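Keep in mind it's a predicted model, so treat the numbers as computed, not measured.
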Amino acid sequence: MSSIPTHAPIPTLSPGLLDRMSHEADPLADDTVATLVGPWTVLPEGASRADHLAAHRTQWEYLSLATKQFDAWTTNATLGTWHADEAELPLEIAAALDSYVQQARVLPPWADKAQIERAEALFMDSGLLSIALLFCASLPECYLVPDLATVLHISGQLEKHTEYRVRSTAAMVFPVMMKGGLTDPSGSGIAQILKVRLIHATIRNLILRGHPAEFNATSPAVPALPTLGGSQGMHQSLFAHGWNLAEGLPCSQEEQAYTLLTFSYVYLRSLRKLGLGLSEADERAYLHMWNVAGHILGIRSELMAHTMDEAAFLFDRLQSRGLARQIPSNDPRPELGRALVNTMADSIPVNWIKAFPTQLVTHLCGKKAARILGLQRHVAWPSRLLFSIVLGIARGVDTVMRWVVKDFSISRLITRLLSYQYLSQVLMNEARPLKLPDHLLNKVNTMMGTWHEDTKAPRWMNRFEQRMGRRPPVEA
């Protein structure tokens, strides 16, 4: 968690903007989903689960049919000629989906291709390292905000299906960051983002049981539907949950801006904390690329940061606002945090370093974050001491060795070794592949296969990494 409140404020962050953004969503995507599902039937209090399922059967069917339509969004090029199947969907819904794709797929006029390409190269250079930062920094920071954690909890019981949800996140991040992901017709970043954007709009519509534009801070809370509880799919779980509108909409502009920063600013901040910080120009390029992705995702430009100082200021403001909101009586955050680190620990074959992921989360996100996520009490003091010693030695050796060998880094080696375990056990597991079209899955697997060698490390360090990671050496 950011603890430096003195960074430069964003020029466009006018007074009261964040209050307004907590009650603003995404008109284009919300209109599309509202057309897709139509109006929800209001049933009397105490209506049975069977009554709810019967009354809304058409909505569930259309949501399922629309989701199948997304399968055709394979590359950025396919979006230009794609049309919804009018044999499967009513003409009005098909037209709404067509209009959404054609409007949302366009890059903003301020997108800088050179900056995007620079960010892509940075990601590829740090590819394997990026996995550890996704697991140990970006996702934990997402879980800290109660409203975000609640949505993640009810939209898929994340703590029970952690690997699936982590792979779903990677299924968006990797296509965006791959070469040409946002700028090349053969890339798939835009296509993947447009799916996620509609998913966010669907979540809002289901939780509110209506178009977000119909609600504001003075609207009465959306009541939970206890009779619809029990074992059901994601759509029914969201529909039954209820929501307190006094503190904002679910998946609001404010929350999406915060989430965007976990993939850009938190990633760059984590590199700094590991002693691997990038140049100012590289950091600006990385922030720019994610801002372009944010535009496609429907995030307002006023909520975007262009420098690390601006990003630190905005992240601190957004996180502080999120943490100040009401915490549910059944706080999902500790379960989410523990499920995540347990997934990481399960991928590590050596027992005495299984606590390292928890300690890395603490190092990258802070002790307060670890405490909120219920992590600190589960690490014995010998493990904490060992991590501190290893980290201290690594930073000391790195400082000395870089006078002799440029880019030398023990910290980078250790983090890559952890990342390889997550990569092989979670993200590249053949039994549980990433949720991507086959052609894109093959590209992602090929990309991840190139990460087996650290181009910045000496040859002896790569050989050591290959031996410790129990993987074959990279062919010359």
Side-chain angles (χ1 to χ4, degrees), residues 25-37 62-113 115-117 119-120 123 168-205 251 256 260 263 288-301 434-444 446-447:
D26 179 357
L28 175 60
D30 290 327
D31 289 347
T32 303
V33 172
T35 301
L36 175 64
V37 300
Y62 284 159
L63 282 172
S64 178
L65 288 172
T67 301
K68 291 179 181 178
Q69 297 282 308
F70 302 167
D71 291 341
W73 301 355
T74 54
T75 65
N76 300 336
T78 60
L79 298 175
T81 57
W82 178 85
H83 292 286
D85 188 345
E86 295 177 356
E88 291 285 338
L89 295 168
L91 292 180
E92 182 183 12
I93 294 176
L97 285 173
D98 286 350
S99 178
Y100 164 76
V101 169
Q102 296 314 310
Q103 292 183 67
R105 72 184 182 90
V106 181
L107 292 179
W110 44 264
D112 186 327
K113 186 175 181 181
Q115 292 283 79
I116 293 172
E117 290 175 346
E120 292 169 350
F123 179 80
S168 296
T169 302
M172 186 197 77
V173 172
F174 288 168
V176 169
M177 295 304 307
M178 290 171 64
K179 182 176 176 58
L182 297 179
T183 57
D184 195 284
S186 65
S188 299
I190 297 175
Q192 292 302 113
I193 291 175
L194 294 195
K195 297 176 187 179
V196 173
R197 185 173 178 178
L198 274 191
I199 290 171
H200 290 167
T202 300
I203 289 172
R204 283 190 294 269
N205 192 288
C251 296
Q256 292 195 74
L260 185 72
F263 294 118
H288 177 79
M289 195 227 62
W290 274 107
N291 285 341
V292 173
H295 173 89
I296 302 168
L297 197 55
I299 299 174
R300 295 270 296 267
S301 60
L434 294 178
K435 192 176 180 181
L436 292 169
D438 288 343
H439 85 283
L440 182 54
L441 182 61
N442 292 334
K443 285 185 178 180
V444 170
T446 299
M447 174 189 72

request  = Determine, for K179 against D184, whether the closest basic-nitrogen to carboxylate-oxygen distance falls under 4.0 angstrom.
outcome  = no
With side chains defined as the heavy atoms from C-beta onward, is the minimum distance between [X] and [Y] less than 4.5 Å?
| X | Y | answer |
| --- | --- | --- |
| K68 | E88 | no |
| V37 | Y62 | no |
| F263 | V176 | no |

Is [X] reaching over with its side chain to a backbone N or O of [Y], donor-acceptor style, under 3.5 angstrom?
| X | Y | answer |
| --- | --- | --- |
| H295 | L107 | no |
| Q69 | D85 | yes |
| T32 | L28 | yes |
| D30 | D26 | yes |
| S99 | A96 | no |
| D98 | A84 | yes |
| S188 | A191 | no |
| R204 | C251 | yes |
| R105 | I190 | no |

If you look at every heavy atom in [X] and [Y], which pair is closest and at what distance?
| X | Y | answer |
| --- | --- | --- |
| S186 | T75 | O-CG2, 4.0 Å |
| A119 | M289 | CB-CB, 3.6 Å |
| V101 | W73 | CG2-CZ2, 3.3 Å |
| H288 | D112 | NE2-N, 2.9 Å |
| N205 | A34 | ND2-CA, 4.0 Å |

Nearest-0.5 Å distance, [atom1] of residue [X] to [atom2] of residue [Y]:
| X | Y | atom1 | atom2 | answer |
| --- | --- | --- | --- | --- |
| L198 | L63 | CG | CG | 10.5 Å |
| Q192 | F70 | CD | CZ | 11.5 Å |
| T183 | Q115 | OG1 | CD | 13.0 Å |
| E120 | L182 | CD | CG | 7.0 Å |
| L97 | L65 | CG | CG | 10.5 Å |
| E86 | E92 | CD | CD | 12.5 Å |

request  = Take the angle between the ring planes of F174 and F123 and call it parallel below 30°, perpendicular above 60°, tilted in between.
outcome  = tilted
task = Please name the residue in the list L194, V292, I193 that meets the side-chain contact (heavy atoms from CB on, under 4.5 Å) test with L297.
result = I193
task = List for me each residue that meets side-chain hydrogen bond (donor to acceptor under 3.5 Å, both in side chains) alongside T67, sequence neighbours excluded, and say none if there are none.
result =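 By the side-chain hydrogen bond (donor to acceptor under 3.5 Å, both in side chains) rule, T67 matches no residue at all.
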query = What residues, two or more places apart in sequence or in another chain, satisfy side-chain hydrogen bond (donor to acceptor under 3.5 Å, both in side chains) together with N76?
reply = none
message = Between V173 and W290, does the side-chain contact (heavy atoms from CB on, under 4.5 Å) criterion hold? Intermediate values first, please.
response = CA-CA 10 Å; V173 172; W290 274 107; 4.2 Å; yes
request  = Check the pair Y100 / D31 against side-chain contact (heavy atoms from CB on, under 4.5 Å), numbers first and verdict last.
outcome  = CA-CA 9 Å; Y100 164 76; D31 289 347; over 6 Å; no
task = Kindly state each residue pair satisfying salt bridge (Lys or Arg N to Asp or Glu O under 4.0 Å) with at least one member in residues 288-301, sequence neighbours excluded.
result = E24-R300, R300-E302
